[in-house]
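Each chain gets a letter, A, B and so on, in the order the sequences are listed, and its residues count up from 1. These numbers come from the heavy atoms of this one structure, side chains and all, not from hydrogens, waters or symmetry mates.
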Number of protein chains: 2
Amino acid sequence: MLRVREDAIVTAVNRLLAEKGYDLMTVDEVAAEVGIAKASLYKHFSSKEALAGAAMIRVLDRALAHTDGLERDATLTPLARLHATARWTMQVQLAGEMPSLPAQNSALRTALSANRDYLDRLFALSDRLGAWIEAAQDSGALDATLPAEVVLYTLFARACDPVLGVLKAGGQHTDEQIIDWVLRSCFRGLEARPPG
Amino acid sequence: MLRVREDAIVTAVNRLLAEKGYDLMTVDEVAAEVGIAKASLYKHFSSKEALAGAAMIRVLDRALAHTDGLERDATLTPLARLHATARWTMQVQLAGEMPSLPAQNSALRTALSANRDYLDRLFALSDRLGAWIEAAQDSGALDATLPAEVVLYTLFARACDPVLGVLKAGGQHTDEQIIDWVLRSCFRGLEARPPG
DNA sequence: GTCTATAAGAGGATAGAC
DNA sequence: GTCTATCCTCTTATAGAC
């Protein structure tokens with residue numbers, strides 16, 4: 001029962017973080033969406049920061065599970081795995097399931113940097129992507145003149161790229177069309193490629 | 001005198017928006033930084049949203065002035081002008097002078113979409129960049145399979161790309177080195193280019 | 001136009017009964 | 001563990017004297 005209730009809370013937090021972001025999400029809203037009193041919510045999570053941490057842990061676990069599947073598929077190149085991962089993050093974002101945290105909120109960052117369960121997963125995902133990035137650079141598929149950390153941060157940033165939401169809000173294109181464009185602009189750039 | 005005082009207010013708002021973002025910036029902080037009482041501030045600007053609008057107008061005017069210079073330089077190709085514009089926005093961001101507004105705050109977006117002075121400048125800049133984008137696509141310099149709006153939104157998004165701040169926070173690289181990497185990843189992509 | 005003082009309300013967190 | 005009721009702080013905005 002406790003696990004089910006906490007899952008419902010994290011689901012609500014995840015959705016609200018994706019919809020309004022951390023600063024505009026209120027604990028009252030979370031409680032209302034779950035259908036419990038705010039005081040009950042605080043019996044499960046000690047603070048608003050802890051709620052955000054739980055949502056981030058859930059999405060990181062989903063990402064790690066997805067990369068597990070990619071790692072097991074031996075037919076994929078490292079570049080193909082990175083492509084697939086970026087595509088997955090964009091699908092999650094367009095589905096309204098990507099919690100977005102402000103980079104500027106220092107109280108939140110302090111709390112997250114003390115959250116071991118969150119950090120473990122963040123490092124695990126970074127390690128896995130970092131290995132793929134270096135392999136892709138060694139094979140000549142990724143630009144080896146870019147530091148691996150630049151590529152890694154860029155992929156994380158594209159997971160919450162506002163361009164996706166703006167294009168979706170325009171209402172002129174399908175989700176898959178939007179993802180194709182943003183994915184292509186990320187990996188192949190805005191400039192034209194020489195033919196061939 | 002009034003103009004000087006309001007300039008000082010906008011400068012403070014601009015800096016605080018760049019540092020903490022809209023939601024975490026308080027009107028008390030703005031007043032304290034200018035060195036006046038909060039009530040005096042409200043004699044100049046009617047709301048927090050109006051303050052944000054004034055800061056956006058200032059940075060858009062700076063951008064328009066910069067693009068004026070690029071337009072006048074007849075030796076530049078459209079692609080070179082877009083490069084220079086993106087580089088300029090990244091320099092502004094790393095200098096701590098790029099106000100960043102949350103895409104999710106609907107009260108703010110409502111106020112901005114009723115701010116004619118802001119919209120005029122946003123459209124003027126979009127039109128100028130849009131013309132360069134189409135010219136660069138026609139000449140084969142930019143990927144013509146990407147809709148011009150996708151390119152435009154991507155350039156606006158890179159102006160507040162969090163990757164810049166994360167790399168700067170690492171403290172390992174100079175601003176110019178960081179800008180070179182992010183600019184290259186934007187225009188030429190993460191993938192390696194075929195030699196030649 | 002500047003100030004001090006304060007209204008009005010939102011929001012995070014807790015007390016204490018059941 | 002759930003509830004109602006409440007505390008307390010922060011924040012936007014305004015009143016009213018000078």
side-chain contact (heavy atoms from CB on, under 4.5 Å) assessment of Leu112(B) paired with Leu101(B): CA-CA 11 Å; Leu112(B) 284 180; Leu101(B) 302 184; 3.6 Å; yes
Under the 3.5 angstrom rule, does the side chain of Glu97(B) hit a backbone N or O of Val59(B) as a donor-acceptor pair? no
Salt bridge or not between Arg128(A) and Asp68(A)? Use side-chain N to carboxylate O under 4.0 Å. yes
NZ/NE/NH1/NH2 to OD/OE distance under 4.0 Å, Arg87(B) and Glu176(B): yes
Quickly work out the [X] [atom1] to [N] [atom2] distance and round it to whole Å.
X         : N       : atom1 : atom2 : answer
Ile9(A)   : dT2(D)  : CD1   : C1'   : 12 Å
Asn105(B) : dT11(D) : CG    : C1'   : 14 Å
Asp28(A)  : dC7(D)  : CG    : C1'   : 14 Å
Lys48(B)  : dC10(D) : NZ    : C1'   : 12 Å

Closest listed nucleotide, where the reference is the side chain of Thr26(B) and the choices are dT11(D), dA13(C), dA13(D): dT11(D)
In terms of side-chain heavy atoms of Ala37(A), which of dT4(C), dT4(D), dA13(C) is nearest? dT4(D)
Start at the 5' end of DNA chain C and walk down; is the nucleotide closest to Ile36(B) or to Asp23(A) reached first? Ile36(B)
Please compare Leu2(B) and Val27(A) by the position of their nearest nucleotide in DNA chain C and report the one closer to 5'. Leu2(B)
Is Met25(A) touching bases, backbone alone, or none of the nucleic acid, heavy atoms closer than 4.0 Å? sugar-phosphate
Above 12 or not: heavy atoms from other molecules or residues under 6.0 Å from CZ of Arg193(A)? yes
Counterpart residues, ring-ring contact (aromatic ring centres under 6.0 Å, His included), relative to Trp132(A) (two or more places apart): none
Within residues 38-46 of chain A, which residues have any heavy atom lying less than 4.0 Å from an atom of DNA chain D? Ala39(A), Ser40(A), Lys43(A), His44(A)
